[in-house]
Amino acid sequence: MGKLNYIKERFKKIDYMMENFIEDDLNIFQKGLVIVDLGLAILVYGAGITDYFQYKFYRRKHIDKKKFIVHRKRMRIVNTCNDLQDREIFNHKSQFNEIFTDYIGRDWRDLNQCTYEEFYEFTEKHNKFIVKPTEGSHGKNIYFQTIDKETDIEKLYSKVKSEKALVEEIVVQNDIIGEFNPSSVNTLRVVTLLDKNNDPKIMTANLRMGRGDRVADNFHHHGIATLLDVETGIIKTSGIDGEGKRYLYHPITGKQIVGFKVPYWKDVCTTVKEAAKLIPTVRYVGWDVAVGKDGRIYIIEGNSAADPDVSQLPDQIGKWPLYEPYIEELKEM
């Protein structure tokens with residue numbers, strides 16, 4: 001039954017992706033052809049179901065499909081660049097914060113290790129803070145917590161502790177970036193790769209923005225992603241969301257997206273390049289970065305298996321040719 005349910009879920013996902021990513025209504029015969037083509041894409045290119053639809057493989061020629069970083073190529077990058085044990089550092093937020101403390105730039109406590117007294121002291125300093133699980137991704141289960149006279153601190157301590165979460169001081173973001181969506185910290189995703197000489201390269205960069213009153217700006221959490229020119233920090237594409245909808249202006253605030261220049265971009269680049277050298281056994285990292293109100297650069301977290309979708313979806317151009325020369329060199333080390 002388990003295998004049968006898995007197959008049913010896969011076909012449900014395929015049907016959903018057909019309805020949401022293919023513009024034309026398909027008859028049964030056409031759907032059958034898409035499923036056959038999807039099967040070939042999985043076998044030949046190592047694509048996943050989401051890869052196939054979001055990168056429009058059903059329209060592309062072989063030479064174009066080869067350029068996209070799909071699941072198999074993503075795992076090739078991760079396994080070539082990143083030591084299996086050391087990349088676990090990036091999966092545990094508390095350990096990550098300790099190692100990258102010079103780049104975190106904010107107060108935090110891990111409730112798995114924090115006493116009640118330490119938590120109380122934290123709440124005295126910060127009457128509003130962010131709660132996030134120590135493990136996890138895609139911005140799930142993150143929320144703001146406000147402290148007022150009615151708050152039962154002991155009860156809150158027990159609650160957050162039971163969630164195996166950590167608490168962090170809220171980053172006050174740069175005013176201009178905040179104009180896109182004031183309720184979320186609108187972050188950058190900057191991907192670095194250490195070459196064979198341990199020289200960090202910035203491969204791609206995105207500005208991500210939240211929507212409405214959502215806390216997270218994550219692309220997989222109803223956020224909007226745009227692609228930057230890595231030399232200038234200027235947005236060069238329209239925004240795109242997880243359903244493939246495009247935006248020239250933010251749908252809530254109306255702020256123009258294309259042509260926006262990220263302030264303090266050179267400082268962002270310097271910061272991630274420095275951080276990329278701290279753990280040289282993890283060469284491929286997607287850094288989530290915030291620009292503070294005063295221009296300070298904050299690293300929110302690092303992702304040692306960063307999903308390349310936000311770097312390929314906005315312009316629908318495969319990024320494998322950027323990586324392939326470095327991966328081939330690293331394989332020979």
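This one's a predicted model, so the numbers in the text were calculated from it and none came from an experiment.
Remark: the Thr226 side chain and the Lys236 side chain contain no N/O donor-acceptor pair separated by less than 3.5 Å. Side-chain contact of Asp107 with His126: a donor-acceptor pair under 3.5 Å is present, judged by distance alone.
Note on Asp241 versus Arg246: no salt bridge recorded, every NZ/NE/NH1/NH2 to OD/OE distance being 4.0 Å or above. At a threshold of 4.0 Å, the pair Lys159-Glu163 counts as salt-bridged, since one of the basic side-chain nitrogens sits closer than that to a carboxylate oxygen.
Taken together through direct or relayed side-chain contacts under 4.5 Å among Ile, Leu, Val, Met, Phe, Trp and Tyr, Phe260 and Leu227 form parts of separate hydrophobic clusters.
A donor-acceptor pair is defined here as one N or O able to donate and one able to accept, closer than 3.5 Å; such a pair exists between the side chain of Asn82 and the backbone of Tyr284.
Residues passing the side chain to side chain contact (heavy atoms under 4.5 Å, CB included) test with Asn112, sequence neighbours excluded: Asp110, Thr134, Lys164.
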Exercise for the section: Kindly indicate, with the supporting measurements, whether the criterion salt bridge (charged side-chain N to carboxylate O under 4.0 Å, His left out) is fulfilled by Glu328 and Arg76. Expected result: CA-CA 11 Å; Glu328 292 302 317; Arg76 184 176 169 188; 2.4 Å; yes

Exercise for the section: Give the intermediate values and the outcome of salt bridge (charged side-chain N to carboxylate O under 4.0 Å, His left out) for residues Glu168 and Lys132. Expected result: CA-CA 8 Å; Glu168 288 185 350; Lys132 59 173 70 172; 3.2 Å; yes

Exercise for the section: Give the C-alpha distance, both sets of side-chain angles, the deciding distance and a yes or no for salt bridge (charged side-chain N to carboxylate O under 4.0 Å, His left out) between Asp195 and Arg283. Expected result: CA-CA 8 Å; Asp195 67 13; Arg283 297 177 175 274; 5.6 Å; no

Exercise for the section: For Trp320 and Tyr45, run ring-ring contact (aromatic ring centres under 6.0 Å, His included): C-alpha distance rounded to whole Å, both residues' side-chain angles, the deciding distance at 0.1 Å, then the answer. Expected result: CA-CA 12 Å; Trp320 176 242; Tyr45 306 105; over 10 Å; no

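Around NZ of Lys196, the count of heavy atoms belonging to other residues, nucleotides or ligands within 6.0 Å does not exceed 12. Residue His92 places its NE2 atom among more than 12 non-hydrogen atoms of other residues, nucleotides or ligands, all under 6.0 Å distant.
In this structure, Tyr116 and Tyr157 have perpendicular ring planes: the angle between them is above 60°, well past the 30° mark.
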